[in-house]
Amino acid sequence: MSVSEQLENIRGVQDEERLQIIRDALQQLGMDKVDIETDFLRYLYHTMGRGLESESYYLFKALSYSVRDRLMTRWKKTWEAYNAEQSKKAYYLSMEFLIGRSLSNNLLNLGIESETEQALYDLGLKFEDVESAERDAGLGNGGLGRLAACFMDSCATLQLPVMGYGLRYEYGMFKQLIQNGYQLEEPDHWLGLGPYPWEVMRDEYTQTIKFGGVTKQYTDPHTGQLIVHWDHGEEVQAVPFDVPIPGFKNETVNTLRLWSATAQEGFDLHEFNAGSYHEAVSKKAAAENITMVLYPNDSSENGKALRLKQQYFLVSASLQDVVCQWKAKYGNFDGFAANNAFQLNDTHPSLAVAELMRLLIDEEHMQWDQAWQITTQTMAYTNHTLLPEALERWSVELFKSLLPRLLDIIYEINHRFLQQVSMKWPADNERLSRMSIIDEGNNVCMAYLAIVGSHSINGVAALHSELLKEGLFNDFYQLWPEKFNNKTNGVTQRRWLAGCNPKLRALLKDKIGEDWVTDLSQLEQIEAFIKDESFKQAWYEVKQHNKQRLAYMVEKETGVVFDTASLFDVQVKRIHEYKRQLLNALHIIHLYARIKRGDIENWTNRCVLIGGKAAPGYAMAKQIIKLIGNISQVVNNDPDIGDKLKVVFFPNYRVSAMEVICPGTDLSEQISTAGKEASGTGNMKFMMNGALTIGTLDGANVEIREAVTDENFFLFGLATSEVEELKKHYQPQECINRSESLQAVMNLLESGHFNQFECGIFDEIIASIKSPNDPWMTLADFDSYIAVQQQAADLYRHQSQWIEKSIINSARSGIFSTDRTMAEYNDEIWNLVPIELE
Ligand SMILES: *Cc1c(COP(=O)(O)O)cnc(C)c1O
């Protein structure tokens with residue numbers, strides 16, 4: 001209902017004066033300094049009962065409520081505009097949204113940063129202090145979850161009617177503590193400090209989710225139609241909490257809807273009366289368990305029943321939400337396929353294929369073929385990994401006990417699909433068994449379910465999408481080549497440049513204005529200034545400022561002092577063997593060995609920062625953290641080393657830390673084994689902020705290198721095909737034998753130099769890299785890695801050249817904006833019409 005319609009409904013409003021009062025009450029709030037100051041104080045004093053002297057967390061909350069008020073009318077207007085006409089909408093289904101902080105991002109997009117900073121300043125407060133009291137919303141593991149958050153920002157900025165659907169985990173990504181070099185996990189009870197200011201509970205959209213029980217078939221006595229009834233066991237309520245997603249200065253506020261699980265009534269009265277008080281309460285606890293905690297495994301499968309429940313909970317709640325609202329509005333499903341698009345972020349929500357079939361057939365009594373047409377026309381699947389251990393498979397047993405009706409439907413989907421396969425390839429039983437959604441081990445292969453049920457399948461970087469077609473999904477590619485496409489990832493320049501690098505933003509504004517904030521290709525214009533000495537000097541000063549800011553944070557967290565004259569060499573990302581933090585560690589040992597033997601002619605001082613979380617059950621990744629910690633202890637405390645080399649393991653890497661890290665980085669480490677990193681997005685954040693990349697031909701590195709050309713990129717290592725070829729006869733001992741540098745490194749490592757009082761703790765690491773079966777082939781790339789590291793070090797001593805390359809990297813980062821990525825999803829998959837708001 002529009003505001004004017006609501007006004008007409010208010011009884012007794014006759015006189016114009018009263019009407020005007022109500023109109024004023026519903027007016028958009030003022031955006032001036034004084035308006036913000038007034039609201040901030042009102043929330044602080046009158047709503048929260050506190051004052052200016054209170055802890056910064058309360059100041060943050062009062063300010064956030066004031067900002068949220070300014071999103072509300074815009075949010076409602078956006079919602080109304082999207083529903084006013086029959087316009088197609090897209091839904092981004094994701095188990096993860098790694099949002100981070102929202103206050104300064106919302107101020108940026110509302111265009112009221114300086115007004116707000118001024119308002120606080122006038123009250124004797126510093127914006128930085130208030131802002132840093134916000135806890136990260138860590139509802140994701142790493143790249144995949146952060147991508148979803150960047151997508152939301154870009155869709156709102158492009159005014160695309162896209163809604164995000166996710167889970168409201170009570171505990172987000174764990175907090176990483178480092179004790180004696182080892183990772184400890186601490187629960188992240190991010191909602192513990194009172195309500196999250198950026199959410200609004202919309203319990204009127206609550207949905208019921210069914211689990212367990214059995215299915216029964218019967219024939220309808222009137223129509224003769226076969227009906228399946230799911231006689232379910234447990235019921236859980238899904239309550240939505242909406243988070244506003246403002247576009248950049250465009251009046252659009254999109255919605256991220258996060259579902260929270262709760263029991264039906266709180267108490268089961270029947271059991272309560274029967275004296276089973278404890279059972280009744282524990283039912284409630286069991287229901288709430290579903291959204292209690294994010295699974296902290298990045299790129300690795302997890303066979304736990306609760307995880308499957310989470311996936312179904314997300315999918316069922318979201319699809320019911322969409323279907324209910326559609327039905328309430330149109331009454332039939334004629335236009336449904338043409339007006340709705342579901343994008344599946346990896347296989348995690350791929351149950352959507354079976355659940356939409358269930359809703360259409362069981363609840364809406366549609367025929368199979370029609371339901372299948374609607375499903376395949378609306379579903380699209382994004383693949384995020386080639387690692388076999390990350391491909392989700394759930395046992396049929398588990399399915400049968402938790403989701404019996406869904407299993408029936410998957411069997412039927414598979415049956416019809418395999419018929420299609422055998423029509424195309426008669427008597428090819430091997431192919432049939434390779435392509436079956438149910439594998440030989442009696443597991444449901446979620447990726448195949450997603451492929452069969454979708455009209456679009458995309459990888460997330462050019463190389464990755466090619467490898468999908470050639471390898472993992474080749475059979476499916478042969479069957480349906482038209483379904484496969486590429487959508488190279490990106491990051492939003494609002495957060496990852498304008499927001500996190502205010503000094504660079506100011507310099508850019510001075511030179512080329514601010515159009516790049518919504519059109520990143522504009523950054524190309526700064527290339528015209530790469531020979532302009534005063535611009536180069538300004539560029540250098542910005543980088544130095546950001547390095548100083550990073551050095552402060554490093555010293556505060558670790559006690560280690562970074563000298564900003566050194567080369568800042570950074571690798572931050574989840575700890576995983578394929579990402580090869582070990583290769584980085586070997587290089588550090590190599591530099592240490594060189595200093596110790598006096599091989600330091602033309603030395604470049606270097607500060608190495610490594611950070612990232614290890615999955616709590618991933619023992620090898622945890623040992624890698626310990627190794628880096630031990631190396632840093634030896635290096636940082638050796639007087640022979642001094643400022644030539646500093647090493648830290650930075651604890652608790654997260655979005656808000658990256659906002660300080662990427663602007664202060666000179667050299668970005670993107671050193672995964674070729675063919676293993678689907679895209680990477682950290683690489684793009686660094687590039688945008690003027691870091692040079694040292695990397696393999698993997699993921700989006702390939703496209704970064706193409707954009708900047710070879711002379712502005714430090715390339716090393718085997719290419720994907722070379723990795724595959726070498727795999728057949730890989731002998732790491734040969735790599736050691738032919739490299740004196742590697743021998744020196746291995747001698748230090750194997751002699752226990754970095755674990756003098758911790759006998760044998762790195763034996764497994766040593767064995768893994770020396771094994772002919774090492775899938776990551778760390779030693780194979782060692783020599784070329786240290787050679788290119790030396791080139792980087794040499795170039796860094798020629799500051800003028802380094803700065804030019806830094807400018808070029810930033811200037812050509814335009815294609816790595818999620819604005820470009822989202823425009824491609826829209827042009828080639830969704831076909832939504834942007835909806836402009838006044
Ligand atoms: C960008 C980002 C990632 C992804 O980094 P990759 O290097 O692409 O793996 C992970 N975690 C956080 C907190 C990020 O901001």
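Since this is a predicted model, take the numbers as computed values, not measurements. One-based numbering, in listed order, for ligands and for the atoms of each.
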Any side-chain donor-acceptor pair under 3.5 Å between [X] and [Y]?
{"X": "R580", "Y": "Q571", "result": "no"}
{"X": "Q176", "Y": "Y653", "result": "no"}
{"X": "N109", "Y": "D153", "result": "yes"}

For ligand 1, list all ligand N or O to protein N or O distances below 3.5 Å, rounded to 0.1 Å.
from	atom 1	to	atom 2	distance (Å)
ligand 1	7 (O)	K573	NZ	2.7
ligand 1	8 (O)	T681	N	2.8
ligand 1	8 (O)	G682	N	3.0
ligand 1	9 (O)	K579	NZ	2.8
ligand 1	15 (O)	K685	NZ	2.6

Q: Could you tell me if the ring centre of Y165 sits under 6.0 Å from that of Y92?
A: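 Not close enough - the centres of the two rings lie 6.0 Å or further apart.
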Q. Does Y196 have its ring centroid less than 6.0 Å away from the ring centroid of F241?
A.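 Judged by ring-centre distance (under 6.0 Å), Y196 and F241 do not meet the cut-off.
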Q | side-chain hydrogen bond (donor to acceptor under 3.5 Å, both in side chains) partners of K469, counting only residues at least two apart | A |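 Testing K469 for side-chain hydrogen bond (donor to acceptor under 3.5 Å, both in side chains), a comparison that skips the adjacent residues, returns E466.
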